[in-house]
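Everything on this sheet refers to the single structure shown next.
Everything numeric here is computed off the predicted structure, so don't read it as measured data. These numbers come from the heavy atoms of this one structure, side chains and all, not from hydrogens, waters or symmetry mates.
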Amino acid sequence: MDFLAPTIIVFAVLLVVAIAALSFEPADPFAAWIKLAERYGTARRPSAIQFPGQRIRFGGQRGTPKDLNAFVTFEATIDDFGLWITCKGIDDEQFPATLKIPGTHVRFVGEKGIDYVFDLYAEPPVRMSVRGEFGQALAERSRS
């Protein structure tokens with residue numbers, strides 16, 4: 001029976017490590033952008049830009065969304081179809097720099113401080129955080 005206690009401790013540690021490894025979500029906002037570009041990427045551009053120079057943060061369901069990098073800004077447009085996001089500061093030869101996301105795929109989650117938080121449907125969903133007038137307009141649109 002003396003050997004049973006260390007064995008149980010080893011199994012408990014292995015169980016905790018396995019659960020942590022399976023539930024770990026890397027904090028890579030660029031991976032979230034690539035996931036969205038694969039699903040919603042388009043070569044088209046919106047006819048007019050409503051919200052230039054936006055700082056949009058991306059992430060997963062857990063954790064805080066983060067900027068792609070310090071040099072990237074976005075242009076956004078909300079129209080009858082949904083949401084257009086164009087990334088300024090990335091090479092669009094690798095993947096599309098413009099996303100055309102249907103309005104039914106944008107869900108308002110809530111406000112967190114001065115940020116408006118949204119879930120964009122992908123596999124798994126991508127969390128997006130925006131501020132100011134753009135966030136307010138998108139929240140109003142996604143509620144209706």
Side-chain angles (χ1 to χ4, degrees), residues 5-144:
T7 305
I8 291 174
I9 292 172
V10 167
F11 280 123
V13 168
L14 288 175
L15 180 65
V16 167
V17 169
I19 290 171
L22 291 176
S23 65
F24 176 72
E25 185 175 326
D28 183 13
F30 198 67
W33 175 261
I34 291 174
K35 188 184 314 178
L36 289 172
E38 289 171 353
R39 181 158 186 175
Y40 300 114
T42 182
R44 296 178 50 210
R45 301 286 175 151
S47 57
I49 303 299
Q50 294 173 330
F51 305 100
Q54 297 294 312
R55 302 295 293 179
I56 301 176
R57 294 169 180 83
F58 296 96
Q61 293 291 308
R62 285 170 268 164
T64 304
K66 296 182 170 77
D67 289 321
L68 294 184
N69 68 36
F71 307 105
V72 173
T73 61
F74 297 89
E75 294 177 344
T77 300
I78 303 169
D79 64 9
D80 292 337
F81 177 79
L83 174 64
W84 294 78
I85 301 174
T86 302
C87 185
K88 298 294 188 180
I90 61 169
D91 183 19
D92 44 333
E93 291 179 8
Q94 295 175 340
F95 49 85
T98 300
L99 306 180
K100 184 179 178 185
I101 305 169
T104 57
H105 292 199
V106 179
R107 185 175 68 89
F108 179 62
V109 175
E111 294 181 43
K112 186 175 183 183
I114 60 173
D115 291 339
Y116 293 87
V117 181
F118 301 88
D119 279 342
L120 306 176
Y121 291 110
E123 291 297 327
V126 171
R127 186 143 291 175
M128 178 179 78
S129 173
V130 297
R131 294 182 175 174
E133 188 179 325
F134 170 50
Q136 185 178 11
L138 188 58
E140 289 172 6
R141 179 65 181 236
S142 64
R143 285 183 196 140
S144 59

If the plane angle is over 60° it's perpendicular, under 30° parallel, otherwise tilted; pick one for [X] and [Y].
X: Phe134; Y: Phe51; answer: tilted
X: Phe108; Y: Tyr116; answer: tilted
X: Tyr40; Y: His105; answer: perpendicular

Please enumerate all residues that pass side chain to side chain contact (heavy atoms under 4.5 Å, CB included) together with [X], with sequence neighbours excluded.
X: Pro65; answer: Arg57, Arg127, Ser129
X: Ile34; answer: Phe30, Glu38, Phe95
X: Thr73; answer: Arg55, Lys88

What's the shortest heavy-atom distance between [X] and [Y], and which atoms?
X: Leu99; Y: Thr42; answer: C-CG2, 4.5 Å
X: Thr104; Y: Tyr121; answer: O-CE1, 3.7 Å
X: Val130; Y: Gly135; answer: CG2-CA, 3.4 Å
X: Val126; Y: Lys35; answer: CG2-CD, 4.1 Å
X: Pro46; Y: Thr98; answer: CD-CG2, 4.5 Å
X: Phe118; Y: Ser142; answer: CE2-OG, 3.8 Å

Could you walk me through whether Phe74 and Leu68 satisfy the side chain to side chain contact (heavy atoms under 4.5 Å, CB included) test, starting with their C-alpha distance in whole Å, then the side-chain angles of each, then the deciding distance to 0.1 Å, before giving a yes or no?
CA-CA 11 Å; Phe74 297 89; Leu68 294 184; 3.7 Å; yes
Side chains of Met128 and Leu138, heavy atoms from C-beta outward: is any pair under 4.5 Å?
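When only atoms from C-beta onward are counted, Leu138 and Met128 do touch, with a gap below 4.5 Å.
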Derivation of the side chain to side chain contact (heavy atoms under 4.5 Å, CB included) call for Thr64 and Lys112
CA-CA 10 Å; Thr64 304; Lys112 186 175 183 183; 4.1 Å; yes
Glu133 atom CD, over 12 foreign heavy atoms within 6.0 Å
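No.
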Exam field: side chain Asp67 to backbone Ala70, donor-acceptor pair closer than 3.5 Å
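Here the side-chain-to-backbone pair does not exist.
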With a 3.5 Å distance limit and no angle check, can you tell me whether Asp79 reaches the backbone of Phe81 through a side-chain donor-acceptor pair?
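A pair under 3.5 Å: yes.
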Separation of Asp80 CG from Arg141 CZ (nearest 0.5 Å):
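The CZ atom of Arg141 sits 5.5 Å away from the CG atom of Asp80.
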Derivation of the side chain to side chain contact (heavy atoms under 4.5 Å, CB included) call for Trp33 and Ile85:
CA-CA 11 Å; Trp33 175 261; Ile85 301 174; 4.1 Å; yes
After noting the C-alpha distance and the side-chain angles of Arg44 and Trp84, does the key distance pass the side chain to side chain contact (heavy atoms under 4.5 Å, CB included) rule?
CA-CA 10 Å; Arg44 296 178 50 210; Trp84 294 78; 4.2 Å; yes
